[in-house]
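Data first, discussion second: the structure below is written as structure tokens.
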2 protein chains.
Amino acid sequence: MEAITIKDIAKALNLSTSTVSRALRGSYEINNETKKLVLEYAEKMNYHPNPIALSLKENRSKAIGVIVPEIANNFFSQAINGIEAVAYDRGYHVVIFQSHESYERERSNIQHLVGRKVDGVLISLSGQTTTVEHLQEIQKRGVPLVVFDRISNDIISNKVIADNFQGAYEATEHLILSGRKRIAHITSPSLLYTTNERLEGYKAALAKYNIPFDENLVRYCGFEPEDAKQVIFEVLETQKPDAIFTASDRLALDSFAAVKAKGIQIPEQVAFIGFTNLGVAHLLDPPLSTIVQPAFAIGKTAAEMLLDTIENKQSNAAVKTIKIPTEVNLRTSSE
Amino acid sequence: MEAITIKDIAKALNLSTSTVSRALRGSYEINNETKKLVLEYAEKMNYHPNPIALSLKENRSKAIGVIVPEIANNFFSQAINGIEAVAYDRGYHVVIFQSHESYERERSNIQHLVGRKVDGVLISLSGQTTTVEHLQEIQKRGVPLVVFDRISNDIISNKVIADNFQGAYEATEHLILSGRKRIAHITSPSLLYTTNERLEGYKAALAKYNIPFDENLVRYCGFEPEDAKQVIFEVLETQKPDAIFTASDRLALDSFAAVKAKGIQIPEQVAFIGFTNLGVAHLLDPPLSTIVQPAFAIGKTAAEMLLDTIENKQSNAAVKTIKIPTEVNLRTSSE
DNA sequence: TTGTAAGCGTTATCAA
DNA sequence: TTGATAACGCTTACAA
């Protein structure tokens, strides 16, 4: 069951490989008879062009590379879902790598991908990434790049993110309108772009209702599970907030558990949350309001931008940053 | 910033491409001086062999294909995590496709992958797949195959699954030991292999404690969200179970919500559950016991089997099915 | 309308 | 110890 090649067809039909090649791609300069002959034989023998040979010839692979911190994370797996959907429709393959929040691993992944001659790269930066030379490097090589969600101001490229400002604003406003004044904000590391956007949304809502911003109510938290517990207990103890606004499902659940464990009265809680836990937020008591990251749409949009760039190769196109609205599900506790 | 090739090195150093090639791979028949010269220059110019050219030459791609029903599913994204970990360590790339539970899409994915000349395929069958000709086809082409989780008896190949029998047995036993007698089992479609394994585990536990098996307590449920609700309400109404054992996190949460909504007393509930919701099961009231599918280990094991097969090409190796134990977290409600 | 030949980057065979 | 050449599968000038 070895795969059949153009050469096999040529031999069988007593033609040259070039004639067969042209016939297969429907070139106008080929006799209709010959064309039909070739096409029928190819069909019969279940011929498929060898994509590796094509890649070598044309110096492209019809594959795109995706680098995410962790695949097993609702947000990223949803995003990959969106990416795969677009790629499949447009005849591209998706090659996946994880950086595991490591800068070194991310560099290595990039190397692999450019070595593999992917036609473009979609990346969400690792938590440790502070320099973007590796990204500039692939840009210099002419490989199109779209950065999504974990973006950086240092790299000039197309970007896609959730509208974190809007989500944070709406969520904070909801808490204020339900009577809360001391709203703790437990969030991701301060150097992430999204962290800042959320903080600004939070601040803007406070400002609108003339509540002074108190930085004692804000806590930045790394990705280690241990960090979270400490930070949460500490802010609950020392600041006595009357609501909590957390920046991830993990932080949301940890703070929820902390509230329960301490028997503290926190009737309102809001979380930036991933996809799967959506079904659970309203089952908790008090129920969690959620700000759902539009992960699928982000992946889809990023992939579309990338493939458009790859296929049009508009060198004049200006880079842009697209913000996708978050979906805010507000729930008030029935105190 | 075009990539540098062996030819460039040869020209620069006034050598032939074959000499350079040999020097780079450290062939013993090359003068040490020359070798050093070449290696240093290659290093300096940041030379990397073109994997596509290698693939064409060696008729392999150092890439494996993965087909799963849905990426954005905790179980599968965890499994892909395991797959990627192994693949990365062993220098393989992972190309991802989703079947979206569609047989046609699965066929198409397989076509793409063999067309791409992947060195092997990892697949978890779609819910609609009832025939395995497409898999036999790739086996005929000599492409190694490992089926994981959603397996089929019709295909003869290496397989990796969770030990669903053991998990279901332990969970059911736990419910029995906490005093339950009418344990409803809400599970996946009856033709899936795992569904049957779980049912057998459930039955075995009942048998051990002399509780007669009552098929009225068992409900099979498709992947449509609508199916679930109906089935759950119906079994709660008509059968008045005193415990529920569900086969997925979705079913678990839906039944939990149903119990709450109806105000029914179901103090014990157990679920086969994915990864992320783990953190939430104990926060519910009553808490859910969980049977965690060892998704990462399944992916890892499957990938290892596949790469071993690819690299050893032992044609004499008998196929085997590996069962990975589930992790059972038992929680009793404090009635 | 069809064929010949070169080339994509690499390695293997054979010759020098 | 090194070099010339063919080959992997395909496309495309250029020739016929």
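Throughout, protein chains are lettered first and strands after them, A, B, ... in sequence-line order, and every chain is numbered starting at 1. The analysis underlying the following values was restricted to heavy atoms, covering all of them including side chains, and did not include hydrogens, waters or symmetry mates.
- One atom, CD1 of B/Ile4, and another, P of C/dT10, lie 10 Å apart when rounded to the nearest Å.
- A straight line from CD of A/Glu33 to P of C/dT2 spans 9 Å, rounded to a whole angstrom.
- At a threshold of 4.0 angstrom between heavy atoms, the contacts of A/Ser55 with the nucleic acid are absent.
- Between the side chain of B/Thr17 and the base of D/dA4, no donor-acceptor pair under 3.5 Å is found.
- In this structure, A/Thr5 reaches the sugar-phosphate backbone alone: every heavy-atom distance under 4.0 Å involves primed, P, OP1 or OP2 atoms, never a base.
- Checked by distance alone, A/Thr19 brings no side-chain donor or acceptor within 3.5 Å of a matching partner on the base of C/dT1.
- At a threshold of 4.0 angstrom between heavy atoms, the contacts of B/Leu15 are confined to the sugar-phosphate backbone, with no base atom among them.
- Taking the side chain of A/Thr34 as heavy atoms from C-beta on, and the options C/dT11, D/dC10, C/dT2, the nearest nucleotide is C/dT2.
- Within the nucleic acid shown, A/Ser18 comes within 4.0 Å of at least one base atom, counting heavy atoms only.
- Among the candidates B/Gln111, B/Gln98, B/His134, the single residue satisfying the side chain to side chain donor-acceptor pair (under 3.5 Å) test with B/Glu106 is B/His134.
- A residue-by-residue look at A/Asn50 and B/Tyr28 shows that B/Tyr28 has its nearest nucleotide of DNA chain D further toward the 5' end.
- Computed from coordinates, the A/Arg25 CZ to D/dT11 C1' distance equals 7 Å when rounded to whole Å.
- Spacing between atom CZ of B/Arg22 and atom C1' of D/dT2 amounts to 7 Å, rounded to whole angstrom units.
- Straight-line distance from the NZ atom of B/Lys11 to the C1' atom of C/dG7: 13 Å, rounded to whole Å.
- With rounding to whole Å, B/Asn14 atom CG is found 9 Å from D/dG3 atom P.
- Computed from coordinates, the A/Leu54 CG to D/dT11 P distance equals 5 Å when rounded to whole Å.
- Shown here for A/Ala42 and A/Ile9, the closest heavy-atom pair between the two residues is CB-CD1, 4.0 Å.
- At D/dT2, none of the side-chain N or O atoms of B/Ser16 fall inside 4.0 Å of OP1 or OP2 (strictly under the cut-off).
- Where A/Leu56 and A/Asn31 each meet DNA chain C at their nearest nucleotide, the meeting point lying more 5' is that of A/Asn31.
- Distance from the side chain of B/Lys7 is smallest to C/dC8 among C/dG9, C/dC8, D/dT2.
- Salt-bridge check for B/Arg105 with A/Glu84: passed, with a basic side-chain N closer than 4.0 Å to an acidic carboxylate O.
- Looking at every heavy atom in both residues, B/Tyr92 comes nearest to B/Ile64 through CD2-CG2, 4.1 Å.
- Between A/Glu43 and A/Lys36 there is no salt bridge, since no side-chain nitrogen of the basic residue lies less than 4.0 Å from a carboxylate oxygen of the acidic one.
- An OP1 or OP2 oxygen of C/dT10 is reached within less than 4.0 angstrom by a side-chain nitrogen or oxygen of B/Tyr47.
- Remark: C1' of D/dC10 and CG of B/Asn59 are 14 Å apart, rounded to the nearest angstrom.
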